[in-house]
Amino acid sequence: MKKTIPVLLVCAAISASAADLVLRNGRILTLDPSQLEVQAVAIAGGKVVARGTNAQMTSQITPATKVVDLGGRLATPGFIEGHGHFTGVGQAKMALNLRNVKNWDDIVSMVAAAAKEVKPGEWIVGRGWHQEKWDHKPTPNVNGFPIHDELSKVSPNNPVMLTHASGHASFVNEAALKAAGITKETPNPPGGDIMKDANGRPIGLLNEQAQGLTRRAMNQYLAQRTAEEREAVLQKEIDLAAQEAISKGITSFQDAGTDAAGIERLKKRAAAGTLPLRLWVMLREPTREMAVDAPRLHMIGFGDDHLTVRAIKQQVDGALGTRGALLLAPYSDLPSTSGTPTTDSKDLEAQAEIAIANGYQMCIHAIGDGGNRMVLDLYEKTFKANPTVKDPRWRIEHAQHLDPADIPRFGKLGVIASMQAVHATSDGPMVLPRLGEKRAREGAYVWQSLMKSGAHVSQGTDAPVEDVNPIENFYAAVTRRMKDGKEFYPEQKMSRMEALRSYTTENAYAAFEENIKGQLKVGMLGDVTVFSRDIMTVPDNEILKAEVDYTIIGGKVAYQRR
Ligand SMILES: [Zn+2]
């Protein structure tokens, strides 16, 4: 026995100073103001244990240490996706990707090809189309949207459901309308719209809650699968989403809405150590379920800091593209409408009460200035009624178009503007027609106005609405340059440092995680993103050439570019 004691002591001595991973010879931006840039970082037991010069890291290296020579490359705290739909990213990987199509004809051809591959009756799904981004309008069309005949012709035996890039509308074919029982006579469901032509015939476009009609029919079809088959698909979604995010440099992902069953599934993965990245999840359920599930699903840092559930997701309006965003005054290009609220205000109040009672943040989707005002009013009223809740950090998801009078309310109330820079450049061309020049200039994607008035602005892509790629989003944040080369109200651009902080420290703050993430500081999580080019210094037009070379999570290389 005596003989073994010194051996144990030696082992203990080595492990105390040995790192699992040392990154050296880099330009490492820690985002810690007390030591903003270092050459090298050492990570052990999943956390940063030292940082400094290459020479200072030598004592951390043993034969067991993995050493990565960064060759002068830029490394930053791991990028945090601030608002995405995690399993949606996985689903998108399994559906037709319509994000980059040139026009409606392209979509019809893609569906025609898919229809040849599937069994009769099987649903064909796709996602990501946007009628304003096509090179020409379909003929015939209703308000710029196609009519389903062409689509129905190429897929007569398979229902087709193609979700709009915003997620707020779907386009379906005749077989899908039939499966859902939608006819000329079908009334609009509450909060939804079945778009019809001049003769009252449904054209195939289902807005907002009307999508539920075909989704239910599809779910009935899918329910015929065995439980094992269904579970396998859901697990695959998690794997595909994680792979996609990690390959783009994302180490933590803030998920904008999952139900209790989805959270239980993620929890099992986190407990088993098979959740490849860190998730911060907003619980999204109807109020009755929420009242039961919010207390029991609250968790912080579960599974070695891989799963946190402490936020509730709700929604007040739709998207600007589909004119579902709730405006204070009518749309400039369709004065007969100002958008539609998607959720009853009593319901929102009930959800906010559950949030207060159970220590949850509220995260409410609001795009239009009317929607944003509704949410700010609700938050203000709730905070006043609950003065003991000191630092609630409630968020507005998107906060896209604001009335100038409401901009300072974010800072004043401590409400986080959870925004998506890339929406500004991808949606920019349609913002002017929808809102008119004055409203667009004063209130659309006003990052600088918000920051200057004391608001925290966090950053995400809304994937799969946009690609989860943070480099494209960073480029949009610092250039506001649209596809046609024009800059969308450049006075609202972020500086590169502001954009970097929004993706790291601000996103961590927006999730109450600023003590473990967002900076590379001793004791914080060893999550790092390494870039092939220095996105902080290269000319604007070279930012998009940068790639992610390494994604490091908890000191382990989760992705390495080949
Ligand atoms: Zn979203």
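As the structure is a prediction and not an experimental result, all values here were calculated from the model. We count ligands from 1, going down the list as the structure has it; atoms in each ligand are counted the same way.
A cation-pi contact, defined as under 6.0 Å to the ring centre and within 45° of the axis, links Arg393 to Tyr509.
Relative ring orientation between Phe145 and Trp129 is described as perpendicular, the plane-to-plane angle rising above 60° on a 0-90° scale split at 30° and 60°. Ring geometry for His398 versus His83: interplanar angle of 30 to 60°, hence tilted. Using bins of under 30°, 30° to 60° and over 60° for the plane-to-plane angle, the ring pair Phe86/Phe253 lands in the perpendicular bin.
Within the protein, the N, O or S atoms lying under 2.8 Å from the Zn ion (ligand 1) are His83 NE2, His85 NE2, Asp462 OD1.
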(message) Apply salt bridge (charged side-chain N to carboxylate O under 4.0 Å, His left out) to residues Arg480 and Glu487 and explain how you reach the verdict.
(response) CA-CA 5 Å; Arg480 287 175 75 105; Glu487 292 179 354; over 6 Å; no
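A donor-acceptor contact shorter than 3.5 Å is absent between the side chain of Asn386 and the backbone of Val389.
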